[in-house]
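If you read the sequence from its start, that first residue is 1, and numbering goes on from there.
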Amino acid sequence: MSNAWIGNYAASRARLNPGRAAVEDLDTGAVYTYDDLERRANRLAHYLKEACGVAKGDRVAFLSRNRVELICQCQEKTKKF
C-alpha cells in the first residue's frame with residue numbers, strides 16, 4: 001500500500017472486516033470496529049459539508065487530544081465532498 005493514508009486503510013478494512021476491532025480506547029475501555037470508525041467519519045464529513053459549508057478543496061484543521069476521535073477526523077479527510 002504505497003501512498004497509504006489511514007483513512008483509506010480504515011475504509012477498506014470497514015468493507016472487508018466491518019466487525020473487526022480497529023481501536024481500543026484505553027481510558028474508557030471502549031472498543032471501536034472498523035465499521036464504527038467508518039460511520040463516525042461519514043457523520044463528521046456530512047456535518048462539515050452541511051452545517052459548516054466545507055467544500056472540496058477547503059482546508060480543515062483539527063485540534064485534538066490523542067483520542068479515537070482523531071482517527072475519525074483523519075479518516076473523514078478522505079471523504080468526498
Original post:
Restricting to pairs with a member in residues 24-35, which pass salt bridge (Lys or Arg N to Asp or Glu O under 4.0 Å), not counting sequence neighbours?
Top reply: D35-R39
Original post:
Is the closest side-chain heavy-atom distance between V31 and V23 below 4.5 Å?
Top reply: no
Original post:
R43: what forms a side chain to side chain contact (heavy atoms under 4.5 Å, CB included) with it, not counting sequence neighbours?
Top reply: R40
Subject >> Qualifying residues under side chain to side chain contact (heavy atoms under 4.5 Å, CB included), relative to R15, sequence neighbours excluded >> reply: A11, S12
Original post:
Are the side chain of N17 and the backbone of R13 linked by a donor-acceptor contact shorter than 3.5 Å?
Top reply: no
